[in-house]
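Reminder, nothing fancy here: chain letters follow the sequence lines and each chain counts from 1. Predicted model, so just to flag it, every value in this text is computed and none were measured. Only this structure's heavy atoms are used, side chains among them; waters, hydrogens and symmetry mates stay out.
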Amino acid sequence: MKDVKAEIQDKLKELTVSALKKAVDEGVLNLAKIPDFNIEVPQAEAHGDFAANVAMVAAREAKMPPRKIAEIIKERMETTGTGVERIEVAGPGFINFYLSPTWAHGVIPVILNEGDAYGRQDIGKGKKVQVEFVSANPTGPMHMGNARGAALGDALASVLEMAGYDVTREFYINDAGNQIENFGLSLEARYLELLGYEGRIPEGGYHGEDIKDHMRELIEKEGDRFLHVDPAERRAYFIEYALKKNIDRMKRDLENFGVYFDVWFSERSLHNEGKVQEVIRLLTERGYTYEKDGALWFKATEFGVPKDEVLVRQNGVPTYFASDIAYHKDKFDRGFEWVIDIWGADHHGHVPRMKGALAALGYDPEKLTVIIMQLVRLYRNGEIARMSKRTGRAVTLADLVEEVGKDAARFFFNLRGADTHLDFDLDLAVKQSEENPVYYVQYAHARIASIFRQAAEQGAAVPEVRDVPAGDLDRLLSMLTQDTEVQLINKLADFPGEIRVAASTLSPYRIANYTLELAAAFHSFYNVCRVLTGDPDLTTARLMLVKAVQQVLRNAFRILGISAPERM
RNA sequence: GCGCCCGUAGCUCAGCUGGACAGAGCAACGGACUUCUAAUCCGUGGGUCAGAGGUUCGAAUCCCCUCGGGCGCGCCA
């Protein structure tokens, strides 16, 4: 919960504000109110540890050059006992703060004390949020797009948990509608074919090998008895049979990918419980529907959507849209205060009408956030590979895990934002698995584990922080003054802030990038500083440092769903 | 045609939600293992931030337009 860096920034801001107030009181500076400014970290080290942009922000109102304002504030800054070593005015008017190199050292005991909880924040304040992701059609195996969605959604859910939200992971099973009809017809066609009869897969049906496999297996178990069963009846049986197999397999594949859902929500249950009919009735009651061409339409245009949408087809069957409205209504009725959906880019047109429908029902559309994830383009043998599961040739999530590995795949997907169009070169990913960046970050963890094994042999151990007298702790940690040590410690102090930003911008990829930076800082340190030295105090201090690094790596890995190996 | 996303080094991408000279990895080249794992480190070269305007003290970042790529615009999901 503690954020050493944010505390320093707050303190510097307070110092700056009071200096500025003083100047105003003295009449040297003419400002009606304190301007909105921030304490940021300069990208160039030479510019200090922190910098305030207050002078530039205030320049217009104060009618004074920014550098002059900065000087005025600087002269009135009260820095005794704050760790600030010097202050300089630079560039267009930045006030740069140079702190004692040990300003962040206090983060080490914080990390060691908080352990797995280090980085946890409370910006969510326990708010109930649902993250719905993957939600792949249960008509076949999951593809690369689903894999990306799984990696992204799970990491996002974890980031939100770390940020203090009460998160539920949910998978929506599309076990109703047209595609299920086609699924049944496809299964039936294969069944007939396998028994030497003529079968025809309908337009929009499924041609994959998995459909055949299902029926082959069924024939082994139950023979040809369905030849004489009423077609509608046998299709229903085939659907039940294959759907269960597919869903079980999806659960298994996702678990192998390290993704676990709290809720598997069936679309069919919405129909069975009359919730689809109810939502259609409600929309009609509220005057947002009309009949045309024998179908029932939703007046989406009243909500800024380009065209109205069909809710119930001419044949009386509700559309996917209708059940999706019922589904989202149900989400809010279950008490979620915030609902996040992760959809593929091919569904983005669905967003405004979904929000429109929620508004029509009297729900706040702002409480629904839809993350549009750009599609994965798969390359194989240097060519674009079609990902349609209907060709039966697509690389599945299970293939990916087997070929590339869970850790590499999950890390790779979370290295980029949802916005990026992702080209996944399968050959390259497989071939370069040894060079995959995931090994870089995991190696840092394994190296630290190795140090501890070595330390144990030598009888050196990391002391429990609570066993070390406070004065002693400061003395030990203040020995860590080499550049690589200071940089590494500063990086550790960044973690809580990274969690906050990743959560508030819904960008778990930041955490992956952070692990790369932290690992880089550690590897640099490792090549310069020996941990196990002849000096017991220095050894203890460095053991605490690398223990803290290992802890933060683990916390980040947990979010990303990758393992923390003890050896590599 | 209209809407959404993207365009940063040879390649893949960051760029802290407007800050001080644009960064990293891969690829190329040159160095570092009798010491806790060299799956590592250190160094060198490389960019008109697609293009043109605008807002601002200040723009890769925000707004408008153009060009290029992806995806949508179904009584499919």
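Residue-level contact check: Gly417(A) touches the backbone only, with heavy atoms under 4.0 Å from sugar-phosphate atoms and none from bases. Using a 4.0 Å heavy-atom distance criterion, Arg542(A) is classed as making no nucleic acid contact. Heavy atoms of Asn96(A) sit under 4.0 angstrom from at least one base atom. Here Ala455(A) lies out of heavy-atom contact (under 4.0 Å) with every strand. Heavy atoms of Ser507(A) sit nowhere under 4.0 angstrom from any nucleic acid atom. When heavy atoms are screened at a 4.0 angstrom cut-off, Asp324(A) is found touching no nucleic acid atom at all. Within 4.0 Å of Tyr509(A), counting heavy atoms only, lie sugar-phosphate atoms of the nucleic acid but no base atom. Across all strands, Arg416(A) comes closer than 4.0 Å only to sugar-phosphate atoms, never to a base (heavy-atom distances). Contacts of Ala520(A) with the nucleic acid, taken as non-hydrogen atoms under 4.0 Å apart, are absent. Note on Pro65(A): nothing from the nucleic acid sits closer than 4.0 angstrom, heavy atoms only. Contact annotation for Ala59(A): no contact, since no heavy-atom pair falls under 4.0 Å across all strands. Within 4.0 Å of Arg60(A), counting heavy atoms only, lie sugar-phosphate atoms of the nucleic acid but no base atom. Using a 4.0 Å heavy-atom cutoff across all strands shown, Leu532(A) reaches at least one base atom of the nucleic acid. Using a 4.0 Å heavy-atom distance criterion, Ala444(A) is classed as making no nucleic acid contact.
In this structure, Arg542(A) pairs ionically with Glu485(A), as a charged nitrogen and a carboxylate oxygen lie closer than 4.0 Å. A salt bridge does not link Glu61(A) with Lys63(A): every distance from a Lys NZ or Arg NE/NH1/NH2 to an Asp or Glu carboxylate oxygen is 4.0 Å or more.
The distance from atom CD1 of Ile451(A) to atom C1' of U35(B) is 13 Å, rounded to the nearest whole Å. Put simply, OH on Tyr514(A) is 19 Å from P on A24(B), counting in whole angstrom units. Phe171(A) places its CZ atom 14 Å from the C1' atom of A77(B), with the value rounded to the nearest Å. Atom-to-atom, CE of Met373(A) to P of C6(B) comes out at 15 Å; the value is rounded to the nearest Å. Between Met568(A) atom CE and A39(B) atom P the separation is 9 Å, expressed in whole Å. For the pair Leu415(A) CG and A14(B) C1', the interatomic distance rounds to 9 Å; values are reported in whole Å. Here the P atom of nucleotide C73(B) and the CZ atom of Phe321(A) are 14 Å apart, to the nearest Å. The nearest whole Å value for the distance from the OH atom in Tyr526(A) to the P atom in A39(B) is 10 Å.
Closest to the side chain of Asn513(A), from the set C75(B), C36(B), A14(B), is A14(B). Counting only heavy atoms from C-beta on, Lys307(A) has its side chain closest to G74(B) among G3(B), G74(B), A20(B). Distance from the side chain of Thr319(A) is smallest for A77(B) among the nucleotides C71(B), A20(B), A77(B). Here the side chain of His47(A) is nearest to one of A77(B), G72(B), C21(B), namely C21(B). Among the nucleotides A20(B), C4(B), U40(B), the one closest to the side chain of Asn527(A) is U40(B). Considering only the side chain of Gln454(A), C36(B) comes nearest among A20(B), C36(B), C75(B). With distances taken from any side-chain atom of Thr420(A) to the nucleotides C21(B), A77(B), A14(B), the minimum falls on A14(B). The side chain of Gln43(A) approaches A20(B) more closely than any other nucleotide in the set C41(B), A20(B), A77(B).
Using modelled atom types and a 3.5 Å distance limit, the side chains of Ser524(A) and Thr484(A) yield no donor-acceptor pair. Judged purely by distance below 3.5 Å, without hydrogens or angles, the side chains of Ser323(A) and Glu267(A) pair a donor atom with an acceptor atom. Under the 3.5 Å distance criterion, with hydrogens and angles disregarded, a donor-acceptor pair is assigned to the side chains of Gln442(A) and Asp407(A).
A donor-acceptor contact under 3.5 Å is not formed by the side chain of His350(A) with the base of G72(B). For a distance-only test at 3.5 Å, the side chain of Asn53(A) fails to qualify as a donor-acceptor partner of the base of A20(B).
The side chain of Arg67(A) contributes no N or O atom lying less than 4.0 Å from OP1 or OP2 of C57(B). Side-chain nitrogen and oxygen atoms of Tyr443(A) include at least one within less than 4.0 Å of the OP1 or OP2 phosphate oxygen of A39(B). Remark: Tyr440(A) is in phosphate contact with C41(B), judged by side-chain N or O atoms under 4.0 Å from OP1 or OP2. Listed pair Ser524(A) / C42(B) meets the phosphate criterion, a side-chain N or O lying under 4.0 Å from OP1 or OP2. Within the 4.0 Å cut-off from OP1 or OP2 of U17(B), not a single side-chain nitrogen or oxygen of Arg510(A) is found. Between Arg313(A) and the phosphate of A77(B), there is a side-chain N or O to OP1/OP2 separation shorter than 4.0 Å.
Base pairing of G25(B): its partner is C11(B), meeting the Watson-Crick or G-U wobble criterion (both donor-acceptor distances under 3.5 Å). Searching all strands for a Watson-Crick or G-U wobble partner of C71(B) with both distances below 3.5 Å returns G3(B). Nucleotide C41(B) forms a pair with G31(B), judged by Watson-Crick or G-U wobble geometry with both contacts under 3.5 Å. If you check A60(B) for Watson-Crick or wobble pairing at under 3.5 angstrom, you find it has no partner at all.
Where stacking is scored as ring centres under 5.5 Å apart with planes under 30°, His421(A) does not register as stacked on the base of G69(B).
Aromatic pair Phe265(A)/Phe171(A): centroids not less than 6.0 angstrom apart. Between His348(A) and Trp343(A), the distance separating the two ring centers is not shorter than 6.0 angstrom. In this structure, Phe97(A) has its ring center at least 6.0 angstrom away from the ring center of Trp103(A). A centroid separation of 6.0 Å or more is found between the aromatic rings of Tyr290(A) and Phe298(A).
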